[in-house]
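The block underneath contains the structure these notes are about, expressed in structure tokens.
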Amino acid sequence: MSMEAPAALYVKIHAAMSSCDIIRGMSASRSAHSSQAHAFQTDDPRLSPIHAKVMAGERLTADDALALYRTGDILAVGWMANFVRERMHGDKTYFNVNRHINPTNVCVAACRLCAFGRKKDTPGAYTMALEEAFETAASGYTEAVTEFHIVGGLHPDLPFQYFLDLCSGLKQRFPQVHLKAFTMVEVAYLSKRAKLSIRETLVQLKASGVDSLPGGGAEIFADRVRHIICDHKIDGGEWLETAKMAHQIGLKSNATMLYGHVENDEDRVDHLLKLRALQDETGGFQTFIPLAFHPENTALQHLPKTTGMLDMKQIAISRLVLDNFPHIKSYWQMVTAKMAQISLRFGADDMDGTVIEEKIYHDAGATTPQGMRREELERLIRAAGREPIERDTLYRPVTRTETSVTVAV
Ligand code: SF4
């Protein structure tokens, strides 16, 4: 790994980003939108210098990020995030057609934030036999599905080979489908079970068919918070180290942050800045996904749900602080489709997918539908004045006709 100074790497990443297709559309869309943009206004004097930095494309500091969390002027924060979003993507709004597969909910950890994991042999615990997992993948499968999103519990008995066979079996049966599989937490656990280094574990998963990693398990990196919400998980440093290794062997990943529980503004800022620093180093993150905490059926169910204000603010601040992340996703399953739609004007450029069978957040009380039809997703995006673009996991546009599916490379 290069030891270049972060600032130099930041410049390099921006230079590299400017050559990719997504960013190429930025300058064209910038002029199209700047003429339409209404003037920035705020009655909060803390936001004026931040606005100047945003307009100049300068990086925001921890103090700037804290000021954004602490202001009540949500529209000013949204204005700035929307400006950056349109500078990067114009009206383009991405979605994909994916299927979630959760092979087991048996888990040795007992995270207080979780409504999904079960101890072995307790009511509701399940583990799919491999054939069952393949059947789940196939049920309701159509040529339209471009991604399997695979995450599950930390099972104490399933051998590493089960997961290798799961991936190679899926690849064999669905060779055109991208496997986005196993959070950093699962990878670290599998490496312990298999007595392999994290790197070797990732290499073997990649060889079995894993194409990229999802961003889950990051929660909040601060130790104080982790001790309360997920004491048995790897710590924040280990999560980042695992992500770094995945990027080093050529696996892209996403990153998440679970907000709206016992964390404070400083913890959120710390989390974002740690992700930004790693992205400076590796450039391996594709998308940041802020996840609103759903307390129902968890050990923290006395906590209130997140508010709409916080949901919008979190999307907008993510866009403003994570200047080196290409995409910010508003996960409609967690914040509702209506809020996700509004977030397309607060910094988000991705609405996730026409998810089929989501379990984890629905066990935690999410009342959103299990999936959404593609036409409905496109309708919501268009109604927000945006242009829906179906993508594959790597953000390559997908073109469909009655009889074929083509991914631009
Ligand atoms: S959050 Fe993940 S690691 Fe924690 S208990 Fe739930 S399934 Fe297990």
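One-based numbering, in listed order, for ligands and for the atoms of each. All values reported here derive from a predicted model rather than from experimental measurement.
If you look at His155 and Tyr189, their ring centroids are not closer than 6.0 Å.
In this structure, Glu266 pairs ionically with Arg70, as a charged nitrogen and a carboxylate oxygen lie closer than 4.0 Å.
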Could you walk me through whether Ile198 and Met184 pass side-chain contact (heavy atoms from CB on, under 4.5 Å), step by step? CA-CA 10 Å; Ile198 298 270; Met184 308 309 162; over 6 Å; no
How far apart are the C-alpha atoms of Asn324 and Asp280, what are their side-chain angles, what is the distance that settles it, and do they pass the side-chain contact (heavy atoms from CB on, under 4.5 Å) test? CA-CA 7 Å; Asn324 52 4; Asp280 275 347; 2.9 Å; yes
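Under the 3.5 Å distance criterion, with hydrogens and angles disregarded, no donor-acceptor pair is assigned to the side chains of Tyr395 and Asn96.
With sequence neighbours left out, Arg391 forms a salt bridge (Lys or Arg N to Asp or Glu O under 4.0 Å) with Asp350.
Around atom 8 (Fe) of ligand 1, protein N, O or S atoms at less than 2.8 Å comprise Cys107 SG.
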